[in-house]
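Letters A, B, ... are given to chains in the order of the sequence lines, protein chains preceding strands, and every chain is numbered from 1. Just so we're clear, the structure is a prediction, and the values are computed from it rather than from any experiment.
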2 protein chains.
Amino acid sequence: MSENEHRKATIYDLSMKSGASASTVSAVLNGTWQKRRISAETARRITALAEELKYTANQQARALRSSRSGLAGLLLPVYDTRFFSSMAQTFEAQARQRSLLPVVVSGRRDPEEERRVVESLVAYSIDSLFIAGATDPDGVHRVCAAAGIPHVNIDLPGELASSVISDNRQGARALTKAIIDHARQGGPLSPDDVYMFGGRDDHASRERVIGFHAAKTEIFGTASGGDTENTGYSPSMTALAFERFYARHGRLPRCFFINSSINFEGLLRFMGGHDEQTFADIVVGCFDYDPFGSFLPFPVYMIRPDITKMLERGFDLLDHENATPHLITIEPQLVPPRTALKGPLDELRDKDAR
Amino acid sequence: MSENEHRKATIYDLSMKSGASASTVSAVLNGTWQKRRISAETARRITALAEELKYTANQQARALRSSRSGLAGLLLPVYDTRFFSSMAQTFEAQARQRSLLPVVVSGRRDPEEERRVVESLVAYSIDSLFIAGATDPDGVHRVCAAAGIPHVNIDLPGELASSVISDNRQGARALTKAIIDHARQGGPLSPDDVYMFGGRDDHASRERVIGFHAAKTEIFGTASGGDTENTGYSPSMTALAFERFYARHGRLPRCFFINSSINFEGLLRFMGGHDEQTFADIVVGCFDYDPFGSFLPFPVYMIRPDITKMLERGFDLLDHENATPHLITIEPQLVPPRTALKGPLDELRDKDAR
DNA sequence: TGTGGTTGCACCATCGATTGTGCAAGCGAG
DNA sequence: CTCGCTTGCACAATCGATGGTGCAACCACA
């Protein structure tokens with residue numbers, strides 16, 4: 001598995017071969033050589049030599065000395081949904097632009113696991129951390145604060161650090177209006193035909209419930225209670241909720257709002273056990289975007305958070321280091337049924353296929 | 001953004017407060033203290049102190065000295081498909097089990113970018129690298145070999161290092177048979193009704209084409225030419241291919257095989273521009289699994305590679321360090337239409353939702 | 001020729017952990 | 001009381017890069 005393992009070149013190798021001292025070499029390769037009044041000629045010689053020997057700095061040594069590791073952390077609940085995986089993709093691109101190495105970890109929605117994985121990042125002295133969808137953002141905050149690591153919350157806000165989130169309330173309101181409008185085309189609709197499934201007791205879910213009810217009130221003039229069901233972010237619990245509803249009413253609601261694509265997977269599981277008739281006249285809204293989800297056999301309206309903008313704002317916050325926590329809200333996008341949006345995949349080089 | 005940034009404790013802090021030397025502290029915390037004949041009592045004292053001060057080792061320093069960083073790399077083309085994102089998820093779990101910190105990067109199917117990002121990993125002296133779906137595995141191999149980094153190919157084989165891949169040929173054969181059998185239930189089918197879209201000139205695609213043709217030959221007794229279209233791994237190119245086909249024949253093929261979920265997104269884009277009638281009687285196979293894809297308005301058979309097993313075998317290969325490259329093949333799973341498989345999401349703690 | 005200022009670089013401590021080596025104290029045997 | 005062995009640990013070099021400080025050489029000017 002090895003072939004020609006000449007050890008990697010260090011500044012000392014460059015120092016020997018160039019006749020300059022190690023500190024000179026370091027200064028040249030850092031770009032700080034002007035400040036140290038190294039002659040242009042010496043700088044040129046060393047740069048050329050570095051190129052020739054394919055020198056790249058040992059980041060551990062650099063980090064140890066300068067206590068900046070060049071690592072940028074992102075904490076996700078899971079990778080395995082389109083929302084979070086495109087967040088990882090976008091994060092990587094933006095981190096690299098700032099010549100940081102992105103390190104993405106998942107906390108599995110377990111407050112303890114979240115703290116553990118963040119501590120493992122802290123051990124590598126990451127320079128900054130994005131906390132996305134943490135169950136306990138403030139617990140993670142404390143770990144970061146103790147280690148002096150700048151951090152922001154993305155998508156779920158925390159009390160103790162700045163946050164960039166989607167406008168969940170307005171998004172949910174728009175989504176709810178869209179599915180009700182659509183469902184009404186199929187005949188009159190009562191408030192009791194409009195439900196919400198999924199989510200838990202977190203900020204995003206609460207806001208979405210408010211938006212959901214706001215839309216219902218606007219349209220029907222009155223809100224009905226008992227029209228939402230918290231199932232956590234779990235496919236199996238969500239599937240159970242649908243089964244229960246179905247057992248009780250002999251059908252699904254005409255029109256319903258699903259809190260996230262993870263909960264949507266619960267609907268898929270329910271679908272697996274029932275015949276296509278069951279879904280003949282439903283209209284669904286999902287607060288997340290998944291291209292395949294958009295083309296299911298019934299109308300699916302989706303909300304796509306603006307991940308790129310959220311992360312950009314996040315990096316801005318890190319750069320400016322506010323003393324008091326800020327909260328930034330980003331408008332998400334309403335996506336009508338049967339829509340295949342472009343995404344990170346389109347930036348691939350593979351367009352010129354053979 | 002900061003509050004009580006007492007610097008993190010080091011072995012020197014522990015040394016001072018315990019009265020022992022730094023080297024003793026190090027030995028104790030490493031578990032090598034028996035070998036160094038440190039008394040159990042001293043060990044206990046230091047361990048307790050470490051716990052109290054919440055000591056965690058500075059990984060940069062450890063890495064610098066011992067030249068083992070504790071980082072495990074995974075190179076992906078992209079995050080943003082269910083296949084690769086669940087690979088990232090599974091990789092994280094398996095790396096952590098070995099107390100490594102997973103670092104996942106994406107090479108965007110660009111040979112140069114692949115090498116660049118791997119070099120950035122090498123600068124952090126990662127201990128090992130999994131190369132998944134690289135466009136140029138052998139180029140990446142050379143970077144690793146030069147740095148003496150153990151590595152294996154996953155999913156796409158390379159000549160120069162060991163590889164763990166899916167059985168693409170048998171998988172494609174099974175998938176092709178499944179869609180043909182299904183399509184035949186809707187009436188007689190000719191070989192000209194069975195197409196393949198997507199992929200490029202890589203090992204996986206070639207094998208899949210062979211499997212595809214093998215199945216057609218088995219069933220129809222003869223293969224027809226011109227029944228496959230390479231579009232690269234690009235949604236937009238694939239969409240174009242479908243448009244072209246549609247323009248020429250006034251319809252889609254009755255039955256077709258799509259090389260990957262990325263290409264499947266090309267079909268989604270095509271679908272966005274056409275009415276549901278267009279898809280009324282097609283049967284589709286996709287060499288990748290996506291739960292939402294499985295429930296589209298037409299039958300979709302899918303193949304799910306066994307990611308867990310592939311990664312496990314990969315770690316085995318790293319552990320055993322074979323001199324000559326090995327090739328390990330793992331059977332993938334055929335998934336019938338309308339199937340929502342369980343996945344990494346189900347291992348989340350969120351089952352006990354409130 | 002002496003003084004003062006600039007140029008161009010070298011020296012060295014340092015970051016925190018690891019590890020080979022050395023050595024004092026204690027103990028038993030002779 | 002001394003020799004030799006074990007026990008229990010300390011010392012110091014080291015990994016590679018960084019950055020503060022010091023200093024020789026050179027130049028200009030009086």
**Message:** Between Asp127(B) and Arg98(B), is the salt bridge (Lys or Arg N to Asp or Glu O under 4.0 Å) condition met? List the steps.
**Reply:** CA-CA 12 Å; Asp127(B) 293 339; Arg98(B) 285 151 220 259; over 6 Å; no
**Message:** Apply ring-ring contact (aromatic ring centres under 6.0 Å, His included) to residues Phe130(B) and Phe315(B) and explain how you reach the verdict.
**Reply:** CA-CA 9 Å; Phe130(B) 282 63; Phe315(B) 276 109; 4.7 Å; yes
**Message:** Quick check on Glu51(A): does its CD atom have over 12 non-hydrogen neighbours (other residues, nucleotides or ligands) under 6.0 Å away?
**Reply:** no
**Message:** Distance check needed: dC9(C) C1' versus Ile46(A) CD1, whole Å only.
**Reply:** 10 Å
**Prompt:** When the distance from CG of Leu64(A) to C1' of dT14(C) is rounded to whole Å, what number comes out?
**Reply:** 9 Å
**Span of DNA chain D in contact with chain B (heavy atoms, under 4.0 Å)** = dT7(D) to dG16(D)
**Message:** Angle between the two end axes of the helix from dT1(C)-dA30(D) to dG30(C)-dC1(D), five base pairs per end, rounded to 10 degrees?
**Reply:** 70°
**Request:** For nucleotides 17-25 of chain C, just jot down a letter per nucleotide in 5' to 3' order: B, S or -, based on protein non-hydrogen atoms under 4.0 Å.
**Result:** BBBBB----
**Item:** Gly133(B) versus Arg109(B), closest heavy-atom pair with distance
**Value:** O-NH1, 3.7 Å
**Message:** Under 4.0 Å, heavy atoms only, any strand: does Ser67(B) hit a base, just the sugar-phosphate, or nothing?
**Reply:** nothing
**Prompt:** For Ala20(B), which contact category applies under a 4.0 Å heavy-atom criterion: base, sugar-phosphate, or nothing?
**Reply:** sugar-phosphate
**Request:** Might you work through the salt bridge (Lys or Arg N to Asp or Glu O under 4.0 Å) test for Arg44(A) and Glu41(A), ending with a clear yes or no?
**Result:** CA-CA 5 Å; Arg44(A) 208 199 40 68; Glu41(A) 163 57 15; 3.5 Å; yes
**Request:** Might you work through the side chain to side chain donor-acceptor pair (under 3.5 Å) test for Gln60(B) and Ser69(A), ending with a clear yes or no?
**Result:** CA-CA 8 Å; Gln60(B) 323 284 0; Ser69(A) 63; 4.6 Å; no
**Prompt:** Is the closest side-chain heavy-atom distance between Val117(B) and Arg96(A) below 4.5 Å?
**Reply:** yes
**Item:** side chain to side chain donor-acceptor pair (under 3.5 Å) between Glu119(A) and Thr56(B), worked out
**Value:** CA-CA 9 Å; Glu119(A) 262 154 16; Thr56(B) 55; over 6 Å; no
**Worked verdict on Leu101(B) versus Val105(A) for side chain to side chain contact (heavy atoms under 4.5 Å, CB included)** = CA-CA 9 Å; Leu101(B) 181 69; Val105(A) 296; 4.3 Å; yes
**Message:** Run the salt bridge (Lys or Arg N to Asp or Glu O under 4.0 Å) test on Arg116(A) and Glu113(A) for me, step by step, so that the C-alpha distance in whole Å, both residues' side-chain angles and the decisive distance to 0.1 Å come before the verdict.
**Reply:** CA-CA 5 Å; Arg116(A) 261 210 309 282; Glu113(A) 176 86 353; 2.5 Å; yes
